[in-house]
Amino acid sequence: MSMKAQLINNKQEILEQWLEEVENKELMHYSKTISEDLIGRTNNELIDTIFIALENETGANDELQQFAEKIVNLGWPIGYITEGMQVFRSVSIKTILEKNSDANKDYFLNVMDEVNQIVDPIKTYLINQYSTNWDNIVSLQKLALEELSAPLIPVMDDITVMPLVGTIDTDRAKLIMENLLSGIVKHRTDVVLIDITGVPVVDTMVAHHIIQAAEAVRLLGATCILVGIRPEIAQTIVNLGIDLSNFPTKSSLSKGFQTALQMTDKHIISSNKDGQNLEQIMEAIEKE
Amino acid sequence: MNETLSSVPIRKEWDIVGARQTGRNWAKDLGFGSVDQARIATAISELARNIYLYAKVGEINFERLDSVPSIGLKITARDQGPGIKEVSKVMKDGYSTSGGLGAGLPGVKRLMDEFDIESTDAGTVVTVIKWTRI
Ligand SMILES: Nc1ncnc2c1ncn2[C@@H]1O[C@H](COP(=O)(O)OP(=O)(O)O)[C@@H](O)[C@H]1O
Ligand SMILES: [Mg+2]
């Protein structure tokens with residue numbers, strides 16, 4: 001009888017032993033927040049999946065893939081899979097050896113070898129699926145972050161704001177440029193306010209990217225105003241000797257917005273008797 | 001008296017952010033004001049990015065200098081990269097081999113109180129110090 005057939009023949013015994021050992025190992029105690037019920041169900045599912053894979057000639061199958069995906073979605077570590085497979089390997093070897101009482105050393109080594117040959121492909125496949133799924137999640141999160149990282153907000157006809165928050169690395173600088181240029185065309189923007197209030201450090205690379213972006217904006221026939229320059233950032237820009245004189249800069253978004261209104265021939269007229277003034281409106285915008 | 005505070009390896013672009021944050025935290029610890037913190041963080045950013053761009057790997061070292069009446073933060077950027085061919089040119093504004101602004105190293109010199117650069121074909125060491133204001 002082939003080793004695989006022996007394993008399948010002894011399915012019930014291996015299954016019970018596996019479940020017992022997995023529990024004894026307190027395999028799942030990396031997190032106290034997972035219910036025992038869920039752990040029990042998942043354990044049952046794993047051992048079932050392993051046997052489905054054994055019975056299936058090709059080895060790779062949908063059940064394995066779905067199981068790996070499930071573990072990733074549960075947020076369980078890859079150790080759950082590797083330990084589970086490790087226990088399966090040892091339980092299988094023990095069970096086969098027990099069935100053959102006359103086992104000698106050669107037979108023992110042979111069983112080890114053959115069981116490994118059966119278990120390893122399943123384990124490898126599960127691990128690969130796990131990491132593929134994991135990579136998918138990471139790249140999706142990266143995408144979601146990118147969407148957040150350089151938003152262009154049309155506030156009025158002709159006027160758009162790009163608030164930048166956080167560190168600007170090379171990838172993000174590219175994204176800022178792309179979003180800026182495509183947004184200007186799409187929204188028919190005349191003036192774009194780049195707000196760097198939330199940018200922690202403006203070094204020569206960041207400054208260079210801003211200057212290039214402003215230049216490209218100018219080539220599209222629009223104007224770029226750099227706003228949100230905090231006092232300490234103004235100091236470091238001066239120390240670095242960076243020349244930002246080619247485009248308007250303003251300390252705050254509200255000051256920049258007033259400049260933008262003038263540039264586009266717009267006025268804010270108060271309809272409120274108490275005379276809610278421009279400052280207040282601007283303050284409200286700034287809090288957005 | 002010198003006391004080594006910590007050392008941050010530079011291998012990938014995001015290590016620049018880590019080095020900057022570490023430097024800012026030390027600066028805060030030693031009692032630098034917010035403008036000097038920004039200057040220190042910016043200088044580290046320049047030095048770490050030069051390592052990342054031109055030498056690929058290296059490290060940024062932080063030391064505390066106890067002196068009277070002020071305290072110093074000494075930052076050493078060290079790499080085993082190709083080195084800078086003409087250091088005197090590099091220290092003039094606008095010199096860049098990468099299409100950058102070329103204001104990095106001269107800018108660092110202006111941001112900090114003391115500046116020293118040593119570069120051979122075996123690597124580059126830039127040492128800068130900022131003293132607390134008294
Ligand atoms: N650590 C380094 N190793 C090798 N070359 C360097 C290093 N740092 C700077 N350089 C060289 O010095 C030039 C000027 O550097 P810098 O003043 O920072 O301006 P930028 O980085 O904008 O070019 C760089 O273009 C590069 O050729
Ligand atoms: Mg540089």
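Here is how names work: the chains are called A, B, and so on, in the same order as the sequence lines, proteins then strands, and each is numbered from 1. Remember, predicted model here, so these are calculated numbers, not experimental data.
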Any side-chain heavy atom of A:Glu232 sitting closer than 4.5 Å to one from B:Gln37? no
State whether the number of non-hydrogen atoms from other residues, nucleotides or ligands found under 6.0 Å of A:Lys186 atom NZ is greater than 12. no
Between A:Val201 and B:Arg24 the two heavy atoms that sit nearest each other are CG2-NH2, 3.5 Å
Report yes if the side chains of B:Leu53 and A:Met205 come closer than 4.5 Å at any heavy-atom pair, otherwise no. no
Give a yes or no on this: more than 12 heavy atoms of other residues, nucleotides or ligands lie within 6.0 Å of atom NZ of A:Lys70. yes
Which residues in residues 97-104 of chain B have any heavy atom closer than 4.5 Å to a heavy atom of chain A? B:Gly99, B:Gly100, B:Leu101, B:Ala103, B:Gly104
Measure the spacing between CG of A:Leu240 and OG1 of B:Thr42 and express it to the nearest 0.5 Å. 6.0 Å
For A:Gln212, I'd like to know if atom CD has over 12 heavy atoms of other residues, nucleotides or ligands within 6.0 Å. yes
With only heavy atoms counted, which part of B:Arg39 is less than 4.5 Å from chain A, the side chain, the backbone, both or neither? both
I need the minimum non-hydrogen distance between A:Thr204 and B:Glu46, along with the two atoms involved. N-OE2, 2.5 Å
At what distance, to the nearest 0.5 angstrom, does CD of B:Gln21 lie from OG1 of A:Thr167? 8.0 Å
Please check if atom CZ in B:Arg78 has more than 12 non-hydrogen atoms from other residues, nucleotides or ligands closer than 6.0 Å. no
Is a donor on one side and an acceptor on the other found under 3.5 Å between the side chain of B:Glu13 and the backbone of A:Asp169? no
Chain B heavy atoms under 4.5 Å from A:Val202: which part of the residue, side chain, backbone, both or neither? backbone
Enter the distance from B:Ile40:CD1 to A:Thr236:OG1 here, rounded to the nearest 0.5 Å. 12.0 Å
Value for CG (B:Leu47) from CG (A:Asp203), rounded to nearest 0.5 Å, stands at 10.5 Å
With a 4.5 angstrom heavy-atom cut-off, is it the side chain or the backbone of A:Ile242 that approaches chain B, or both, or neither? side chain
Other residues, nucleotides and ligands only: do more than 12 of their heavy atoms fall within 6.0 Å of CD on B:Gln80? no
